[in-house]
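The structure appears below as structure tokens.
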Amino acid sequence: MRVQSSATAPTAIAVPAPTRTFGTVQAALGVAAFSLTFPATAWGLEGFGPWSLVAVRSVLAALVAGGCLLALRVPMPGRRHWPGLAVVAAGVVVGFPLLTTLALQTSTTAHAAVVVGLLPLTTALLSALRMGTRPSRTFWTAALAGAAAVVAFTVQQSGGALTTADLYLFAALLVCAAGYTEGGRLAGVMPGWQVIAWALVLCLPFSVPAAALALSYEPVHLTAHSVTGLLWVAAGSQFVGLVVWYRGMAAIGIPKASQLQLAQPLLTLVWSVLLLGEHLTVAAPLTAAAVLVCIAVTQRARG
């Protein structure tokens, strides 16, 4: 009963306009940070091997997160929360970065952005299964239409068959959606930024030796691009971006924040052209727009 009352209490209080505005700005900054992840990863791969990039990224992000936890004297989560944090760590800290980095060795960022544009739909599906909810027929129709559009795009772009990079990306969708779903559940009992912070710290005993091992086997060529890409995916995408995103979401609510996130795949397409000089096919923005429409329908169907 106590959880139920605390969850419903904020709805009775009107959120001041300045708070809503500031929350919208923070959520938009989070979306912008996430949209740069793939281009930054492509830059990072210019100087680091895929395993080194992912491991070092995790170590740096964990150091930033751990420093914030220590500075704010945040108490450790209860034992009952650690299994959920392990799922977040496996999906968001390890699985998604590793699988997408492996995919970007042979895939363009534009192609990856379109495929991963299905992430909100995949998360919604896993969330429905995890929470035992029953979405409407409209929701399922839109979700399946979005999935069909992305599958058709990947098959068309790959010459009639899925490539290894596509398989990596689809696997990344599943593990990240699982991490987001569990993270969303945990965010109901602790601040959202602490969920990702503790997940990063949880991985530190594994990421440090993994980084040392990977760096000893994979050559490193430090350039302005590779260092900038590494720093961005570590601090910008994996921690700071999530902090402003969760703060903005708390201020304006999940439905409104989700509407802002619809622009993420399209933003990544823009960055792929401006930062990487990639040439887009007509199918890429059209498919991204189709997925955007499908996600908007699912958001509306969920109420």
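FYI, the numbering just counts along the sequence from 1.
In this structure, the side chain of Thr37 engages the main chain of Phe34 through a donor-acceptor pair within 3.5 Å. No donor-acceptor pair closer than 3.5 Å links the side chain of Ser52 to the backbone N or O of Phe48. Put simply, the side chain of Glu278 gets close to the backbone of Thr109: a donor and an acceptor are under 3.5 Å apart. Without hydrogens or angle criteria, Ser107 side chain to Leu104 main chain gives no donor-acceptor distance under 3.5 Å. A distance-only check finds a donor-acceptor pair linking the side chain of Thr181 to the backbone of Ala177 [under 3.5 Å]. Ser58 contributes no side-chain N or O that, together with a main-chain N or O of Ala55, makes up a donor-acceptor pair within less than 3.5 Å.
A 6.0 Å sphere centred on CZ of Phe170 holds more than 12 heavy atoms belonging to other residues, nucleotides or ligands.
For the pair Phe96/Gln238, no side-chain contact is recorded, criterion being any heavy-atom separation below 4.5 Å from C-beta on. When side chains are defined from C-beta on, Leu267 counts as touching Val31, because their heavy atoms get closer than 4.5 Å. The closest side-chain heavy-atom distance from Leu102 to Leu98 is below 4.5 Å. Inter-residue side-chain proximity for Trp198 and Val74 is flagged as met; some heavy-atom pair is nearer than 4.5 Å.
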Tell me, with the steps shown, if His111 and Asp166 meet side-chain contact (heavy atoms from CB on, under 4.5 Å).
CA-CA 9 Å; His111 181 93; Asp166 292 327; 2.7 Å; yes
Could you walk me through whether Leu169 and Thr100 pass the side-chain contact (heavy atoms from CB on, under 4.5 Å) test, one step at a time?
CA-CA 6 Å; Leu169 291 171; Thr100 54; 4.2 Å; yes
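With no hydrogens or angles considered, no side-chain donor-acceptor pair links Thr223 and Glu46 at under 3.5 Å. Of the N and O atoms on the side chains of Ser35 and Trp271, at least one donor lies less than 3.5 Å from an acceptor on the other residue.
By the 30° and 60° cut-offs, the orientation of the rings of Phe239 relative to Trp193 is perpendicular.
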